[in-house]
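Since the structure comes first, as structure tokens, the remarks are kept for the end.
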Amino acid sequence: MKKKIAIIGSGVVGCAIARELSKYDFNISVFEKGSDAPGGASKANSAIVHAGYDDMPGTIKGKLCVKGNALFSSLKEELDFPFERNGSLVVALNNKEKNKLEELFIRGKKNGVPNLKILSREETLKLEPNLNPSVVASLYAPTAGIVSPFGYTVALYENAIKNGVNFYFNEKVERVVVEENRVKGLVSNGKFHRFDIVINAAGVHSDEISKSAGIDSFYVYPKRGEYFVFDDAIGKVVSRTIFPAPQKDSKGILVAYDVFGKIIIGPNSELIGEKENTETTREGLSEVFNGAKKLVPSLNTRNIITYFSGVRAQPSTGDFIIENYPEKAFGFINAAGIKSPGFTASYAIAALVRDLIKDLGIEIKRNKNFNPIRKNIPRFRDLPKSKQMELINKDPKYGHIICRCELVTEGEIVEAIKRGAKTVEGVKFRTSAGFGRCQMGFCGPRIVEILARELKLPLNEIKKHTENSRYLLRKTKPN
Ligand SMILES: Cc1cc2nc3c(=O)[nH]c(=O)nc-3n(C[C@H](O)[C@H](O)[C@H](O)COP(=O)(O)OP(=O)(O)OC[C@H]3O[C@@H](n4cnc5c(N)ncnc54)[C@H](O)[C@@H]3O)c2cc1C
């Protein structure tokens, strides 16, 4: 009989583990309390594939960041998601900061980061002419990249489903059931489900899940980071990700050009009380703007189109907690406290979790039907004219533009719904509709209509993302 595995959480870590384990002959279920993948921090972060010079040598984070970064090239080949290795620069604005670059350089070398280089002022400004002219030097990491956090997570999710994984949404796991030091299963939405192995990838809530399994050796603190996003009109003021010299407890406020062609700035770092408080604040956002302006002085508020925040899962141990517990809770595995660079490290974390299952003496047999290939939804606006015509001839919905800012067609939106988008955010994450200047002012109502039509639901059942985020409540005028 196949071993039954449950994964708690469909953030990037849960989805990477699901996809990696689908290569083997297991019966895998993912329980997610939200309505879609990605949830949690995986849908609101800087979306940088870090090179790996930030973390201390010898830490799990440091090791898995460099490993995870390297895996992105083959993952992109297999799973076809937006990713570009455009490099990053840490810039020093004075000689004291220059010393920090040297520290990072040595740390990066120890961690195994390839091709790191310290650049002079002239070399730095040649690469990025819009940087603060006071720059004295920079640390250049050509292996750093940018990724679509939604695109990558959804790609893992779709490929895991294709290879037999079951995802259960709106399922809140209350506790893991461990009896006589062995996992028996879990309780979700009040119902017991039997499992041989339970993997905890519950982000900011991973300490609570772990505690329910009898492992209470750490806490997770929520640390919020806020961002601004700029309109395309601002132009490509930077082509690489620009970091300041490192701050006490974070990589500092960055300026980046993202895979959607937008300039993004942030995040600040604020310890907060509530684990899921993704509000933005005047103070936080002005800290972000002032921090970014130190790096790129030409930034101005006129071109800002939106702001958002994400919450980091800061572990009390200071490092990722990726462990099994053969003595205390056989079959329970933590992938907990996955703060930055968790997105970068995600696939290396998944591989480590697979090895932890092996270490329990559980037989791992190949899934003979595993198919590693997944294709993205065609991005109409980026296709050559001949391919666009081919798509329209096959399906006229590709000739109907719904999102005018990002030029997203009805064909792409319908395809996203066929692949599992159930909410407006689900469509947005899969197609980029609504990412542009008008922020859904134009396409929002049309996407609601298309969702209602395709899902055969009344209009007032269509949600933004969570169960209680309905767009339309009732008719305000008679017909
Ligand atoms: C501001 C910010 C910037 C960052 N920038 C970067 C970056 O540039 N590069 C990088 O590599 N990393 C970055 N990170 C870190 C990265 O985003 C995280 O490490 C990664 O997303 C963590 O993924 P996860 O799957 O562990 O957690 P999450 O994405 O939070 O997913 C956990 C999931 O578990 C679900 N869940 C929780 N409790 C339960 C329950 N009881 N039952 C069922 N489901 C449950 C949640 O709904 C959620 O979907 C950043 C993070 C933040 C917040």
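Atoms within each ligand, like the ligands themselves, are counted from 1 in listed order. What you see is a predicted model, and the numbers here were worked out from it, not measured in a lab.
- The residue from Glu174, Glu171, Glu276 that alone fulfils the salt bridge (charged side-chain N to carboxylate O under 4.0 Å, His left out) condition with Lys33 is Glu276.
- In this structure, the side chains of Tyr347 and Glu20 come closer than 4.5 Å at one or more pairs of heavy atoms.
- For atom 5 (N) of ligand 1, the closest heavy atom belonging to the protein is Ser46 N, 3.2 Å.
- Near Ile48, meaning under 4.0 Å from any of its heavy atoms, are these atoms of ligand 1: 7 (C), 8 (O), 9 (N), 10 (C), 11 (O).
- Not a single N or O atom of Gly310, backbone or side chain, sits closer than 3.5 Å to an N or O atom of ligand 1.
- The closest donor-acceptor contact from the side chain of Asn324 to the backbone of Pro326 lies at 3.5 Å or more, if one exists at all.
- Ring-plane geometry between Phe150 and Phe435 is classed as tilted, the angle between the planes lying from 30 to 60 degrees on a 0 to 90 degree scale.
- Ranking the protein heavy atoms by distance from atom 4 (C) of ligand 1 puts Asn45 CB, 3.2 Å first.
- Ligand-side atoms of ligand 1 in range of Pro341: 10 (C), 11 (O), 12 (N), range being under 4.0 angstrom from any heavy atom.
- Remark: ligand 1 and Arg312 share no N or O pair separated by less than 3.5 Å (distance only, no angle test).
- Taking each of Gly39, Gly40, Ala201 in turn, the one with a heavy atom nearest to atom 32 (C) of ligand 1 proves to be Ala201.
- Protein heavy atom at the shortest distance from atom 6 (C) of ligand 1 is Ser340 OG, 3.8 Å.
- Of all atoms in ligand 1, numbered sequentially from 1 with element shown, those under 4.0 Å from a heavy atom of Gly342 are 11 (O), 12 (N), 19 (O).
- Separation of the Phe429 and His465 ring centroids does not fall under the 6.0 Å cut-off.
- In this structure, atom 35 (C) of ligand 1 lies nearest to the protein heavy atom Glu32 OE1, 3.3 Å.
- The atoms of ligand 1 that sit less than 4.0 Å from any heavy atom of Phe31 are 43 (C), 44 (N).
- Summary of contacts: the protein heavy atom closest to atom 26 (O) of ligand 1 is Val13 CG2, 3.4 Å.
- In terms of protein heavy atoms, atom 18 (C) of ligand 1 is closest to Ile338 O, 3.5 Å.
- Ligand 1 places these atoms under 4.0 Å from at least one heavy atom of Gly203: 27 (O), 30 (O), 32 (C).
- Checked against a 3.5 angstrom limit, the closest N/O atoms of Lys339 and ligand 1 fall inside it.
- Salt-bridge annotation for Lys43 and Glu425: present, with a side-chain N of the basic residue lying under 4.0 Å from a carboxylate O of the acidic one.
- Judged by distance alone, the side chains of Thr317 and Asp319 never bring a donor and an acceptor atom under 3.5 Å apart.
- When non-hydrogen atoms are compared, ligand 1 lies under 4.0 Å from the side chain of Ile209 (C-beta onward) but not from its backbone.
- If you check the side chains of Thr281 and Glu226, you find a donor sitting under 3.5 Å from an acceptor.
- Of all protein heavy atoms, the one lying nearest to atom 41 (N) of ligand 1 is Val173 O, 3.0 Å.
- Residue Gly9 has at least one heavy-atom neighbour below 4.0 Å for each of these atoms of ligand 1: 33 (C), 34 (O), 35 (C).
- Comment: Glu415 engages Arg419 in a salt bridge, judged by a side-chain N to carboxylate O separation of less than 4.0 angstrom.
- Of the protein's non-hydrogen atoms, the one nearest atom 36 (N) of ligand 1 is Lys33 CE, 3.9 Å.
- Atoms of ligand 1 lying under 4.0 Å from at least one heavy atom of Val12, given by number and element, are 20 (C), 21 (O), 23 (O), 25 (O).
- At least one heavy atom of Glu171 sits less than 4.0 Å from an atom of ligand 1.
- Residue Pro267 has no N or O atom closer than 3.5 Å to an N or O atom of ligand 1.
- Between Ala41 and ligand 1, at least one N/O pair is under 3.5 Å apart.
- Asn200 and Asn334 share a side-chain donor-acceptor pair at under 3.5 Å.
- Using cut-offs of 30° and 60° for the angle between ring planes, the Phe81 and Phe72 rings count as perpendicular.
- In summary, Lys223 and Glu270 do not engage in a salt bridge, as defined by a charged side-chain N under 4.0 Å from a carboxylate O.
- Contacts between Arg224 and ligand 1 below 4.0 angstrom, taking non-hydrogen atoms only, are absent altogether.
- Side-chain contact annotation: Arg85 with Asn69, donor-acceptor N/O pair under 3.5 Å present.
- Residues Phe31 and His193 bring their aromatic ring centres within 6.0 Å.
- In Ala47, the part holding a heavy atom less than 4.0 Å from any atom of ligand 1 is the backbone.
- At a heavy-atom cutoff of 4.0 Å, ligand 1 is contacted by the side chain of Tyr227 but not by its backbone.
- Annotation: side chain of Pro341 is in contact with side chain of Phe320 (closest heavy-atom distance under 4.5 Å).
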